[in-house]
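So the structure is just underneath, and the comments pick up after that.
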Amino acid sequence: MRDYTKFYIDGQWVDPIQPKTLDVINPANEEVAGKISMGTAADVDKAAKAARKAFATFSQTSLEERADLLERIIAEYQKRYGDMADAITEEMGAPASLSQRAQAAMGLAHTQTALAVLKSFKFVEDRGPTRLVKEPIGVCGLITPWNWPVNQIACKVAPALAVGCTMVLKPSEVAPFSGYIWTEILHAAGVPAGVFNLVNGDGPEVGAAISSHPEIDMVSFTGSTRAGIEVAKNAAPTVKRVAQELGGKSPNIILDDADFQSAVTGGVRSVMMNSGQSCNAPTRMLVPGARMDEVIQIAKAAAEATTVGDPKGNAQMGPVVSEVQFNKIQKLIQAGIDEGATLVAGGVGRPDGLDKGYFVKPTVFANVTNEMTIAKEEIFGPVVSILGYQSVDEAVDVGNDTEYGLAAYVSGTDTAKIREVASKLRAGQVSINGGGGDLMAPFGGYKMSGNGREWGDYGFHEFLETKAMLGYAPKAAE
Ligand SMILES: NC(=O)c1ccc[n+]([C@@H]2O[C@H](COP(=O)([O-])OP(=O)(O)OC[C@H]3O[C@@H](n4cnc5c(N)ncnc54)[C@H](O)[C@@H]3O)[C@@H](O)[C@H]2O)c1
């Protein structure tokens with residue numbers, strides 16, 4: 001049982017102003033795995049004031065001092081790597097192997113990337129007599145979700161620290177263990193008091209208090225589009241910058257000349273990874289209509305080959321994060337059946353032999369139309385919807401016919417055709433023939449998927465203001 005009931009404010013582990021706790025449930029066995037405190041606006045106020053005070057000095061630190069700090073965080077993270085992976089498996093059910101090789105790895109990798117970017121980042125640019133200076137924006141409010149918990153924390157905290165900002169973090173209350181360990185890492189690394197603060201709690205109380213606090217200069221939010229809109233509304237009266245990384249319903253266009261065995265199998269596996277709980281999962285697979293039967297056979301085999309079970313064992317897929325998510329996914333699978341899609345694999349109910357835990361069957365629907373609920377709504381579960389297209393233009397139109405625009409995927413062999421399709425897709429990231437794994441590539445969405453860009457050097461700009469110093473270089477006397 002983890003007792004994670006302290007907050008971290010002004011360099012100290014402190015009790016919440018009003019004691020109130022929340023049990024954290026392990027989704028693999030539905031048992032209480034630990035508890036956190038649920039903060040209030042008063043805790044946020046204390047943290048924001050500590051961050052404001054610290055900003056005066058931390059914003060003036062040298063690039064070398066901040067690089068040194070990131071190096072110490074990396075060293076401490078490496079020491080706690082196993083703890084981090086275990087915590088993620090326990091709090092949100094990712095299989096141990098996924099937590100080790102991806103979930104925990106991303107937290108470390110974003111910190112290393114921030115360090116690398118910092119070493120060559122251009123904070124100053126001279127344009128004739130004018131000097132442009134990039135300065136830290138101030139105190140940042142960071143609100144993160146549960147699905148890739150430390151990935152999202154690190155891709156905000158590391159660049160914010162790198163540029164000299166101070167911050168208040170609120171991790172997801174559903175999966176708060178990794179955020180606590182992250183905080184222990186930062187404390188051990190000697191982050192100066194007040195620079196980084198942790199307040200746990202829920203969205204309507206702590207999230208809203210962060211969004212509206214006058215001492216917080218910007219909010220970087222990752223989560224659902226619903227909550228992202230609330231954050232922006234609450235932030236509006238204080239005119240703070242709001243960076244939103246929101247939901248997705250990403251199209252995966254498989255062109256007629258693709259290697260179907262590999263593209264369809266890869267598409268299904270990508271959705272099943274992390275139990276479908278990735279904002280950029282390729283959940284709408286678009287295939288030539290004439291080849292639907294062939295695709296169904298491949299997709300069925302891929303889904304049925306996915307092993308589901310105890311995330312501490314060897315299963316490829318663990319549970320989904322919570323009862324709320326489990327019930328939502330069940331309803332959407334039922335909607336697919338009711339609206340006439342062809343159920344190819346999986347379906348409602350738990351997989352055989354798994355009576356406890358929020359386990360969902362790896363599910364594939366075919367003959368889906370883009371009007372169906374399962375093609376429109378972000379399911380955030382292991383459910384693939386396969387749609388047939390008659391022409392490549394139609395595939396692009398249907399691919400873009402969504403309120404989201406986070407990611408898109410194209411596969412085929414004709415490079416010119418693939419690039420043409422990729423250029424027409426309205427999404428922040430387009431992956432070609434399974435391309436990925438570039439931590440320097442900006443990550444963020446078009447349309448209702450958000451307005452920010454995280455990762456690499458783009459991630460730095462979220463936390464910077466630009467100052468123009470006019471007449472900085474006076475003209476030489478004639
Ligand atoms: N675009 C991206 O980079 C990205 C990455 C991962 C997840 N996501 C999205 O996140 C969602 C899943 O995560 P979730 O269920 O934790 O999302 P969520 O919106 O319920 O919660 C995300 C965070 O926001 C907080 N929150 C909730 N309501 C709030 C409010 N009114 N004001 C302020 N904060 C509030 C939560 O407490 C949590 O910390 C999915 O929609 C997914 O697509 C997006």
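Since the structure is predicted, the reported quantities are computational estimates derived from the model, not experimental observations.
- Between atom NZ of residue K240 and atom NE2 of residue H213 there is a gap of 8.5 Å, rounded to the nearest 0.5 Å.
- A salt bridge is defined here as a Lys NZ or Arg NE, NH1 or NH2 lying under 4.0 Å from an Asp or Glu carboxylate O, and E173 with K20 fails to meet this definition.
- Every ring-ring contact (aromatic ring centres under 6.0 Å, His included) that F443 has, sequence neighbours left out, goes to W455.
- Remark: E294 CD is packed, more than 12 non-hydrogen atoms of other residues, nucleotides or ligands lying under 6.0 Å away.
- In this structure, P171 and G179 approach most closely via the heavy-atom pair CG-CA, 4.2 Å.
- Checked by atom type and distance alone, the side chain of Q244 pairs as donor or acceptor with a backbone atom of G228 at under 3.5 Å.
- Atom CG of L354 sits about 11.0 Å away from atom NZ of K361, to the nearest 0.5 Å.
- Side-chain contact annotation: E339 with T373, donor-acceptor N/O pair under 3.5 Å present.
- The two residues P382 and M317 make their nearest non-hydrogen contact at CG-CE, 3.6 Å.
- R284 pairs with exactly one of N252, I386, T402, V384 by the side chain to side chain contact (heavy atoms under 4.5 Å, CB included) rule, that one being T402.
- Remark: R226 does not engage E230 in a salt bridge, criterion side-chain N to carboxylate O under 4.0 Å.
- A 6.0 Å sphere centred on CZ of R241 holds more than 12 heavy atoms belonging to other residues, nucleotides or ligands.
- Taking the six-membered ring where the residue is Trp, F121 and F460 present tilted rings, their angle falling between 30° and 60°.
- Across all non-hydrogen atoms, the minimal contact from P176 to I36 is CG-CG2, 3.5 Å.
- Nearest heavy atoms, A341 versus F365: CB-CD2, 3.7 Å.
- No close placement of the Y8 and W182 rings is indicated, their centers lying 6.0 Å or farther apart.
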task = Step by step, work out the side chain to side chain contact (heavy atoms under 4.5 Å, CB included) result for N274 and M92.
result = CA-CA 9 Å; N274 212 37; M92 55 74 67; 3.6 Å; yes
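- Taking 4.0 Å as the cut-off between side-chain N and carboxylate O, E76 and R80 do not count as a salt-bridged pair.
- The environment of D352 atom CG is sparse: at most 12 non-hydrogen atoms of other residues, nucleotides or ligands sit within 6.0 angstrom.
- Atoms CG and CD, on D401 and E371 in that order, are 7.0 Å from each other to the nearest 0.5 Å.
- More than 12 non-hydrogen atoms from other residues, nucleotides or ligands lie less than 6.0 angstrom from OH of Y81.
- Atom CG of D23 is surrounded by more than 12 heavy atoms from other residues, nucleotides or ligands within 6.0 Å.
- Looking at heavy atoms from C-beta onward, V308 lies in side-chain contact with P362 at the 4.5 angstrom threshold.
- With respect to the salt-bridge test (charged N to carboxylate O, under 4.0 angstrom), the residues K156 and E454 qualify.
- Checked by atom type, the side-chain pair S391/D393 shows no donor-acceptor distance below 3.5 Å.
- The residues R350 and E30 are annotated as salt-bridged, a charged nitrogen and a carboxylate oxygen being separated by less than 4.0 angstrom.
- Separating the OH atom in Y409 from the CG atom in N280 is a distance of 4.0 Å, to the nearest 0.5 Å.
- Between E91 and W146, the closest side-chain pair of non-hydrogen atoms is not below 4.5 Å.
- Between atom CG of residue L142 and atom NZ of residue K170 there is a gap of 11.5 Å, rounded to the nearest 0.5 Å.
- For the atom pair T89 OG1 and K312 NZ, the distance stands at 8.0 Å (nearest 0.5 Å).
- Classification of the Y180-Y4 ring pair by plane angle, with boundaries at 30° and 60°, yields parallel.
- Nearest heavy atom pair, residue A114 against residue A158, reads CB-CB, 3.7 Å.
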